Amino acid sequence: MASALAHYPHFCNSAAPSGHPIAKPRISKPANPNGNKPTKLVRQSKADHLTLNRALSSFVDSGRLEHAVHLFENMPRSDAYAWNVLIRGFVNNGLFREAIELYYRMAREGIGADNYTFPFVVKACGGLLSLMEGEKVHAKLFKVGLDLDLYVGNSLISMYAENFRADLAEKVFGEMRARDVVSWNSMISGFLLVGDGWSSLALLQEMQVFGMRPDRYSLISSLGAASLTCYLQGGREIHCWAIRSGLESDLMVETCLVNMYCKCGKVDYAERLFNSVSKENIVTWNAMIDGYASNALPSESLACMKSMQDDYNLNPDCITLINMLPACAQLGSLQVLKSVHGHSIRKGFLPNMVLETTLINMYGASGGLKGAKYLFGKMAEKSLISWNAIIAAHVQNGQNEAALVLFQKLWCERLEPDAITIASILPAFAEVALLREGRQIHGYVSKLGLGSNTYISNSIIYMYAKCGDLGTAQQIFDEMLIKDVVSWNVIIMAHAIHGCGGKSIALFKEMKKYGVEPNASTFFSLLMSCSISGLVDEGWGYFNQMRGSYNIDPGIEHYGCVLDLIGRTGNLDHAKEFVKQMPLVPSARIWGSLLTASRKHGNIEMAEYAAKHILSLEHDNTGCCILLSNMYAEAGRWEDFEGIKSLMRKEGLTKTVGYSMMESGGKIHSFTNQDKCCQHASTIYGVLDIISKRIGVNIHLTRVTRFRPLDLANERAKSAAAHSVRLAISFGLISTAIGNPVLIRQNTRICEDCHSAVKKISDLSDREIIVVDAKVVHHFRDGCCSCSDYW
DNA sequence: CTTTTACGCT
């Protein structure tokens with residue numbers, strides 16, 4: 001090589017800008033230490049020509065692109081060779097735009113692109129993800145008669161696949177005059193790229209019918225296909241083929257095999273293989289670390305990483321961390337997560353979009369919304385997946401409104417939501433949206449072509465139910481082409497929250513008739529329904545069936561439902577005994593259920609007992625404090641009342657602001673308790689006044705006897721008579737057509753005073769009033785409520 | 001003198 005460069009001493013200067021291979025070459029002229037003008041060739045011989053081409057090739061091969069460019073600009077370029085070499089250099093370094101520009105410049109300078117040029121140019125189009133550019137080049141190929149060239153055809157297959165057009169790739173493949181093993185491999189990896197693993201596997205079979213012998217490329221791609229489809233049998237056949245053809249000790253093939261077995265859930269097979277392979281390559285380790293983590297073996301995952309470091313002196317790379325993070329999340333320690341985050345920063349792995357996105361996902365899953373938000377805010381580059389992660393993080397942590405805001409911001413980012421986005425955001429709509437907004441997102445889901453996605457339809461059904469429209473929920477369920485067990489669970493739950501226990505049970509029987517096997521969630525829906533509808537015997541029956549007939553161990557949530565069921569019977573001692581005898585450690589939710597029952601039945605001692613347990617588990621449980629303080633106030637136990645209040649002050653707890661929402665004329669109207677600032681306030685209070693008189697409520701003096709005189713003025717202001725739900729209903733009655741139901745959504749549970757008032761209002765106004773509270777949906781009609789007055 | 005296919009990742 002030294003002789004090839006002898007003519008150009010400054011290229012040999014070791015101080016040149018990139019004496020060693022670099023990842024991202026910058027295109028600039030190299031320093032010219034002699035201060036000479038760039039060398040120009042005046043005269044050339046054939047030998048010079050060859051030498052220059054060799055030098056160019058050498059620069060390109062060693063990644064010294066700026067040198068290559070400089071030489072290229074100063075050498076004679078009578079044929080396509082030099083152009084081809086530089087185009088290759090650009091493509092191999094990811095400079096696709098530059099490669100294509102050079103190709104056009106070549107044409108402008110009158111040099112025809114040849115059969116060597118086009119494969120690179122086509123590859124650049126694939127790398128750019130520019131189908132348009134690719135088709136333009138393809139048209140040119142057709143014109144110059146190179147479209148049937150083997151190499152060109154092979155590159156076209158990859159280009160179309162990279163642009164997610166398996167159909168066009170297949171067309172090229174089908175029309176080729178001759179196919180070699182690369183053609184088949186390109187098509188196999190092409191199908192894999194577009195997510196069609198089954199076609200990849202079929203093609204692996206087919207190539208053998210055509211007398212083509214699969215090589216390591218074929219195996220690597222088709223193992224990816226077996227992983228994607230979780231087709232263990234196919235994967236094992238490929239494993240056999242690898243052994244028969246002597247490829248079983250090919251490290252890349254082995255890595256793919258480890259990955260395939262893990263993706264198919266056979267960690268033990270993967271482990272056996274892993275133990276027998278050479279461990280010099282971090283990729284193999286990463287495959288195993290991921291395998292453990294995604295098969296719910298977090299400790300093994302972390303141990304594997306430790307062994308990699310301790311026993312093989314390999315340092316974790318970015319992908320190691322991405323793969324081990326789910327293991328951290330499974331171990332449930334926010335602290336460990338934070339330390340991995342810190343480690344990523346110290347090792348210089350950040351910024352990295354995939355790692356950051358994974359961290360956001362894990363923070364979200366571990367209750368670390370703060371960390372997730374911080375990371376997202378700092379990200380230099382965000383993909384749709386990053387947005388999906390931050391949206392899911394908010395939804396998982398109960399920040400539904402904020403999640404909806406983020407979802408809206410997506411529009412401004414020229415990003416189109418995908419199925420994951422929709423699946424993440426739908427639960428937020430279910431929790432806080434009004435029916436009109438629910439319908440809007442439903443329409444949008446259909447427009448995206450996700451209307452027949454079972455997973456998403458399940459969420460849509462639940463959303464309609466939570467928005468108060470059980471009819472539409474049932475209709476969508478009925479029209480679903482493919483129902484899975486979740487679909488049934490959801491429709492049972494939909495009827496549960498509307499207080500239709502009988503229908504839930506009927507649906508449960510129907511699902512069994514259809515041969516759908518109930519799971520633990522099915523029983524949760526069913527037990528929830530029995531508890532909400534007060535079907536005590538049925539509830540106990542299903543609870544016993546769980547273990548007896550279905551071999552499903554009840555989880556804490558099932559015990560919670562049964563406890564609610566016992567609670568509503570009023571036998572609080574039985575409830576307490578049930579908690580004591582539970583085989584699971586009672587959670588705050590369990591004690592909360594006992595607390596609620598104690599409140600309903602006015603048993604203040606039991607309430608104190610339950611609250612003590614709640615606060616020992618969650619010292620900042622606002623709901624518990626509020627409930628207990630209300631009970632003290634009602635009982636006139638002012639010292640205890642003050643005690644709770646001061647405890648709350650000490651903990652910095654504030655009562656969540658309750659509000660009710662109602663949609664009218666395409667607008668959302670929101671009301672807080674005693675809201676004086678809402679739109680049309682005077683009209684609304686006027687209506688409320690009339691209604692209150694008609695139903696016999698003194699708007700200024702409800703529940704006054706329960707409060708001590710000193711607090712009278714204070715409590716008067718807090719009177720339930722002007723609770724948000726009543727303001728919303730007053731507004732609803734005058735802003736909707738007579739005969740239509742009034743649909744209200746409120747973020748808290750409806751209070752007892754309001755519940756009995758709304759019953760009377762429904763009778764008085766002859767309207768159906770639907771109040772979606774934080775847990776159930778109340779249908780008020782003719783003076784009665786669907787919840788049978790227990791909620 | 002050059003060209004195509006390739007492991008682990010949200």
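Order of the sequence lines fixes the chain letters, A, B, ..., with proteins taken first and strands second; residue numbering starts at 1 for each chain. Predicted, not measured: the structure shown is a model, and the values here were computed from it.
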Just to be sure I understand the rule, does [X] reach a base, reach only the sugar-phosphate, or reach nothing, if contact means heavy atoms closer than 4.0 Å?
| X | answer |
| --- | --- |
| A/I319 | base |
| A/N323 | sugar-phosphate |
| A/F120 | sugar-phosphate |
| A/V85 | nothing |
| A/N388 | nothing |
| A/I282 | base |
| A/N84 | base |

Worksheet entry | By salt bridge (charged side-chain N to carboxylate O under 4.0 Å, His left out) - contacts of A/K370 (at least two apart) |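 Checked A/K370 against salt bridge (charged side-chain N to carboxylate O under 4.0 Å, His left out); zero matches.
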Starting the side chain at C-beta, find the nucleotide from [options] nearest to [X].
| X | options | value |
| --- | --- | --- |
| A/Y217 | B/dT5, B/dC7, B/dT10 | B/dT5 |
| A/C256 | B/dC9, B/dC7, B/dT3 | B/dC7 |
| A/N259 | B/dT10, B/dT4, B/dC9 | B/dC9 |
| A/R216 | B/dC7, B/dA6, B/dT3 | B/dA6 |
| A/S383 | B/dT4, B/dT10, B/dA6 | B/dT10 |
| A/I385 | B/dT4, B/dT10, B/dG8 | B/dT10 |
| A/Y116 | B/dG8, B/dC1, B/dT2 | B/dT2 |
| A/K263 | B/dT3, B/dC9, B/dG8 | B/dC9 |
| A/V182 | B/dA6, B/dC1, B/dT5 | B/dT5 |

Worksheet item: Considering residues, nucleotides and ligands other than A/E381, do more than 12 of their heavy atoms fall under 6.0 Å from its CD?
Response: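 Not more than 12 within 6.0 Å, no.
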To the nearest Å, give me how far apart [atom1] ([X]) and [atom2] ([N]) are.
| X | N | atom1 | atom2 | value |
| --- | --- | --- | --- | --- |
| A/L325 | B/dG8 | CG | P | 19 Å |
| A/L193 | B/dT5 | CG | P | 12 Å |
| A/D290 | B/dC9 | CG | P | 5 Å |
| A/R88 | B/dT3 | CZ | P | 5 Å |

Worksheet item: Got a sec, which residues hit side chain to side chain donor-acceptor pair (under 3.5 Å) with A/T320, two or more places apart in sequence or on another chain?
Response: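 Expected list: A/N286, A/D317.
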Discussion item. Using OP1 and OP2 only, check whether a side-chain N or O of A/S57 sits under 4.0 Å from B/dC1.
Written reply: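 For B/dC1, neither OP1 nor OP2 has a side-chain N or O of A/S57 closer than 4.0 Å.
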Discussion item. Can you tell me if A/K123 touches the phosphate of B/dT5, counting only side-chain N or O atoms and a distance under 4.0 Å to OP1 or OP2?
Written reply: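 For B/dT5, OP1/OP2 do have a side-chain N/O of A/K123 under 4.0 Å.
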Worksheet item: So, does the side chain of A/D317 form a donor-acceptor pair with the base of B/dG8 at under 3.5 Å?
Response: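 Side chain to base: pair present.
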Worksheet item: Can a salt bridge be assigned to the pair A/E175 and A/K171 using a cut-off of 4.0 Å between side-chain N and carboxylate O?
Response: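 Looking at A/K171 together with A/E175, the answer is yes, because their closest N to O distance falls below 4.0 Å.
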Discussion item. Check A/D61 with A/R54, please: is the shortest side-chain N to carboxylate O separation under 4.0 Å?
Written reply: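 Between A/D61 and A/R54 there is no salt bridge, as every charged N stays at least 4.0 Å from the carboxylate O atoms.
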Practice prompt. Please work out which of the three classes, parallel, tilted or perpendicular, describes the rings of A/Y374 and A/H341, given edges at 30° and 60°.
Written response: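 Judged by the thresholds at 30° and 60°, the geometry between A/H341 and A/Y374 is tilted.
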